[in-house]
2 protein chains.
Amino acid sequence: MAKLICDYNFAASKNILGGISEEDLAVYKKKAELGYERLLKMVEEGSVGFPKLPEYDTTELKDFAKDVKTNYNDLIVVGIGGSALGIEAVVNAILPYGYNAMSYTDRGCLPRVWVADNVDPSKIQSILKICTPDDTLAVVISKSGNTVETAENYSLIYSWFKSKVQDMKKHIVVVTDPDKGPLREYANNNGLRSFPIHSSIGGRFSVMSPVGLVPAVFLGIDIDKMLQGADSITKDGLEQVLTLSAIYLYYMDKGKSINVLMPYSSRLDKFAEWFCQLWGESLGKKYTMDGQEITFGTTPVRTVGAIDQHSQIQLFREGPLDKVVTFISLETHDNDVSVKGDFYEAFNYLNGLHLGKLLNSELKATEAALLTSKVPSVKIGVNILDEYSLGQLFMLFQYIVPIIGLSVNINPFDQPGVEEAKEYAYGMMNRAGFENKKTQFESIYQKDDAFII
Amino acid sequence: MAKLICDYNFAASKNILGGISEEDLAVYKKKAELGYERLLKMVEEGSVGFPKLPEYDTTELKDFAKDVKTNYNDLIVVGIGGSALGIEAVVNAILPYGYNAMSYTDRGCLPRVWVADNVDPSKIQSILKICTPDDTLAVVISKSGNTVETAENYSLIYSWFKSKVQDMKKHIVVVTDPDKGPLREYANNNGLRSFPIHSSIGGRFSVMSPVGLVPAVFLGIDIDKMLQGADSITKDGLEQVLTLSAIYLYYMDKGKSINVLMPYSSRLDKFAEWFCQLWGESLGKKYTMDGQEITFGTTPVRTVGAIDQHSQIQLFREGPLDKVVTFISLETHDNDVSVKGDFYEAFNYLNGLHLGKLLNSELKATEAALLTSKVPSVKIGVNILDEYSLGQLFMLFQYIVPIIGLSVNINPFDQPGVEEAKEYAYGMMNRAGFENKKTQFESIYQKDDAFII
């Protein structure tokens, strides 16, 4: 299987002012290596598990899916954040565009797929209107088993099933901690089929655990191929991982505060969103040094080429020079096709031009235009976009991001900053144990009408 | 109809360190007023037309739509950037989630909707597989009539129609310049139904021109209500427009380089994307002062609450303090529903909790949590999300963004930075007249294999 390609020509000092020199690259690779060693140590100790996910034995999962996947017209994934973004990226990349509007046979007799992430009533109510309980399988995903949005959406789905189906067990699969948490207890007490998320797998590193694999396998996605792609990075991608980590570290040090991901494929739109969680939540951290509070991290921005040439490129080229751009390029686009340009003579120049080739020319043109504007970029290239290369892309960034964090001694695996808002919300909901948070929230949230117009 | 509410409590110096004081607000409002005056002058002179769009007489359009809209099972919008993002925002906000998977009757006997924006073969090929020529209406949108992605996608659609339909004129509507450009010539020469984009309407300000209105009306959207909402900002929203412009200007001066839009509704996901084009392309500009090149603009980031609490909030709270956040809140969520929380006792605390209320509590909790982390935010509130309030939101930002630009004397209506990549791509395509650009591109794009691994 093909290796992915990392091209950093347009980030190298030879080609761009302020670019990384060979000497700098060597220095930052040393730093990245330190991060990598720290990561390996955590993996050995068992506190970090993502690199071992490709070893996951998928037999049980595939057997289960074989028995059930063609029995349902709809699959509802109930999860948010790390429990939703991964499968959304897989669906977007691998299933055809407009999949849910296709007929059952055009879908290969596989279910449609819905992600109930947000507690937006219009979204979940629509999903429940479109689906029928008898014909639906829900996969409920929460590592802690406590996620309020997931519990709220699931509660609605549960009521919807309850009055309409004979055997709830045929309609619900749970993915949660193997041992603890309310969702684990619920699954065990009710004899529901469940799959584990081990404690060493954080939400944003979980796409290749049952979090992503369970819904994926029900959709006919070749999960083994995805895991093989991922594993190829562990076995054969270290040089690329360390080089890219070094380049990102270099530009972070140089004050590039925004990290743009720009795949030239609409199929990687959701991958870019997945990347934003991985990057933002892992690296946006504060720490204390010599009594001083220091913030770390840069802001990920997701774009899609060529669409964002018509939206963000103006800013990237002429706005502040605070960005480094990462392109993702597909050498070959599935179903590529050429056009005739014969509808009007002014467009004859398009005759014979393939869409995918145009997309790739536009990528190169944008790389060059950014270069002339002194905006550095790197490019990750895959042959074709399939389960294998998608697995490679997931794993590539799953290594790069913690390596960057660990190299500067921040913890890329926690997310202390998300707790406070959760607890205020619990307080407002009068949940037992959060009375203090309610008081605290109310003292902050004193509105002054003078500032409302 | 209800006014929208602007709440800047959590950006006011009284409540947040580094916030805007009443004195600062007065100063920056003066600046914003200057921008507003400059804008009004351009409107009077006729070079800028968006404030007048609500006066557009929609009778012809509605009559046309009445005759044809139920005759098609599918509507394909062919357009990119400003010709796509607006209608996508409208569809996302107004049509139910999963609309394209609904039955014809559940859709009110209206067509499904597809946006052929990117030249991604997998996307357009899927669309053409799902639709049937006989039953499809294509709306081709390009102001210049030259947009290569639109011409390329349309060329494919044209071939697809050509062999299968009797009368092409029944299947194609063109939206382009009233007088010039190849798409105008094409429409005129072939007797195609067409609607104009006047020269005073830039792509990113065009959602309430025929660019957005033509596809919207075919989908049963109440375009008059949207225009009324928009007009209410012109007539009754100046105080809010100037205050928000002033607050954004203040934070730009204070070095907040990232402007986050965070609606708490999945229905405003695409609105946030529309906003990113408007903000980025209008304000990301360079200019020369005293011989020095100066860059202007900040980077827009789109998020959706509560989803991004599980993705970006960690970074926003603990990462660099380079952000100002704009929330959009819906007081009432359509189809709101409460849950029982009875599937397991640990979730009994959810009993009676409405999804929309939870979402709004989470918004408040996040506002408060950002405040404690010294991240300023403003909040725009609407009663409900419908055509009227969507029109308000569009127009609010259509005023704010150019006012900011004009107040500092940059041109918010051009996009010189997007030309170069286009021209390089034309060069690669051997288009006549771009031979120089080809040579220029090739001299830049000399790859060195040493930097490819």
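Heavy-atom basis, side chains included; hydrogens, waters and symmetry copies ignored. Numbers restart at 1 for each chain; the letters A, B, ... are given by sequence-line order, proteins then strands.
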Point to revise | Check: Phe296(A) ring centre within less than 6.0 Å of Tyr287(A) ring centre | key: no
Point to revise | Flag, side chain of Gln277(A) to backbone of His310(B), donor-acceptor distance under 3.5 Å | key: yes
Exercise for review: Examine whether an atom of Glu423(B) lies under 4.5 Å from a heavy atom of chain A, and if so say whether it belongs to the side chain, the backbone or both; otherwise answer neither.
Suggested key: neither
Check your understanding: Checking Ala368(B) against chain A: side chain, backbone, both or neither under 4.5 Å from a heavy atom?
Key -> both
Review point. What part of Tyr158(B) lies closer than 4.5 angstrom to a heavy atom of chain A: side chain, backbone, both or neither?
Key: side chain
**Study point:** Expected output: side-chain Asp269(A) to main-chain Val304(A) donor-acceptor under 3.5 Å
**Key:** no
**Study point:** Residue among Glu239(A), Lys437(A), Gln415(A), Glu149(A) with most heavy-atom pairs under 4.5 Å to chain B
**Key:** Glu149(A)
Review point. Relative to chain B, which segment of Ile307(A) carries a heavy atom at a distance below 4.5 Å: side chain, backbone, both, or neither?
Key: both
**Study point:** Residue part contacting chain B, namely of Val301(A), when any heavy atom lies under 4.5 Å
**Key:** side chain
Revision key, fill the gap. When the 4.5 angstrom heavy-atom criterion is applied to Trp279(A) and chain B, the contacting part is neither
Practice item. Heavy-atom distances under 4.5 Å only: say whether Val378(A) touches chain B with side chain, backbone, both or neither. Key: neither
Check your understanding: Contact part of Ala151(A) toward chain B, heavy-atom cut-off under 4.5 Å: side chain, backbone, both or neither?
Key -> both
Review point. Charged N to carboxylate O under 4.0 angstrom, Glu281(B) versus Arg204(B)?
Key: yes
Check your understanding: Can Arg302(A) and Glu273(A) be counted as an ion pair, charged N to O under 4.0 angstrom?
Key -> yes
**Study point:** Set of side-chain hydrogen bond (donor to acceptor under 3.5 Å, both in side chains) partners for Glu419(A), sequence neighbours left out
**Key:** none
Review point. What part of Ile124(A) is in contact with chain B, defined as an atom under 4.5 angstrom from a non-hydrogen atom: side chain, backbone, both or neither?
Key: side chain
Practice item. Identify which part of Ser373(A) has an atom lying under 4.5 Å from any heavy atom of chain B, answering side chain, backbone, both or neither. Key: neither
Practice item. Tell me, for Lys14(A) versus chain B, whether the close heavy atoms (under 4.5 Å) come from the side chain, the backbone, both or neither. Key: side chain
Review point. By a 4.5 Å heavy-atom criterion (distance strictly below it), what part of Ile5(B) contacts chain A: side chain, backbone, both, or neither?
Key: both
Practice item. Tell me, for Gln125(B) versus chain A, whether the close heavy atoms (under 4.5 Å) come from the side chain, the backbone, both or neither. Key: side chain
Review point. With a 4.5 angstrom heavy-atom cut-off, which part of Glu152(A) approaches chain B: side chain, backbone, both or neither?
Key: both
Practice item. Would you mind checking which part of Lys162(B) comes under 4.5 Å of any heavy atom in chain A, side chain (CB onward), backbone (N, CA, C, O), both or neither? Key: side chain
Practice item. Heavy-atom distances under 4.5 Å only: say whether Leu371(A) touches chain B with side chain, backbone, both or neither. Key: side chain
Check your understanding: Say you draw a straight line from CD of Gln312(A) to NZ of Lys323(A); how long is it, rounded to the nearest 0.5 Å?
Key -> 8.5 Å
Check your understanding: For Asp322(A), is it the side chain, the backbone, both or neither that has a heavy atom under 4.5 Å from a heavy atom of chain B?
Key -> side chain
Review point. Rounded to the nearest 0.5 Å, what separation is found between the NE2 atom of His333(B) and the NZ atom of Lys357(B)?
Key: 10.5 Å
Check your understanding: Which answer fits Lys3(B), side chain, backbone, both or neither, if we ask what part of it has an atom under 4.5 Å from a heavy atom of chain A?
Key -> neither
Check your understanding: Is it the backbone or the side chain of Leu156(A) that comes under 4.5 Å from a heavy atom of chain B, or both, or neither?
Key -> both
Check your understanding: What residue, out of Thr366(A), Leu278(A), Asp342(A), has the most heavy-atom pairs lying under 4.5 Å from chain B?
Key -> Asp342(A)
Practice item. Give me the ring orientation class for Phe343(B) and Phe347(B): parallel if the planes are under 30° apart, tilted from 30 to 60°, perpendicular past 60°. Key: parallel
Revision key, fill the gap. When the 4.5 angstrom heavy-atom criterion is applied to Tyr186(A) and chain B, the contacting part is both
Revision key, fill the gap. Sorted by chain and residue number, the side-chain hydrogen bond (donor to acceptor under 3.5 Å, both in side chains) partners of Tyr426(A) (sequence neighbours excluded) come out as Arg431(A)
Revision key, fill the gap. Counting heavy-atom pairs under 4.5 Å with chain B, the top scorer among Asn100(A), Val337(A), Asp334(A) is Val337(A)
Review point. Checking heavy atoms, do the side chain of Thr372(A), its backbone, both or neither come under 4.5 Å from chain B?
Key: side chain
Practice item. Report yes if the side chains of Thr303(A) and Phe316(A) come closer than 4.5 Å at any heavy-atom pair, otherwise no. Key: yes
Point to revise | Heavy-atom contact with chain A under 4.5 Å, split by part of Ser103(B) | key: neither
**Study point:** Pair Phe10(A) + Tyr445(B): ring centers closer than 6.0 Å
**Key:** yes
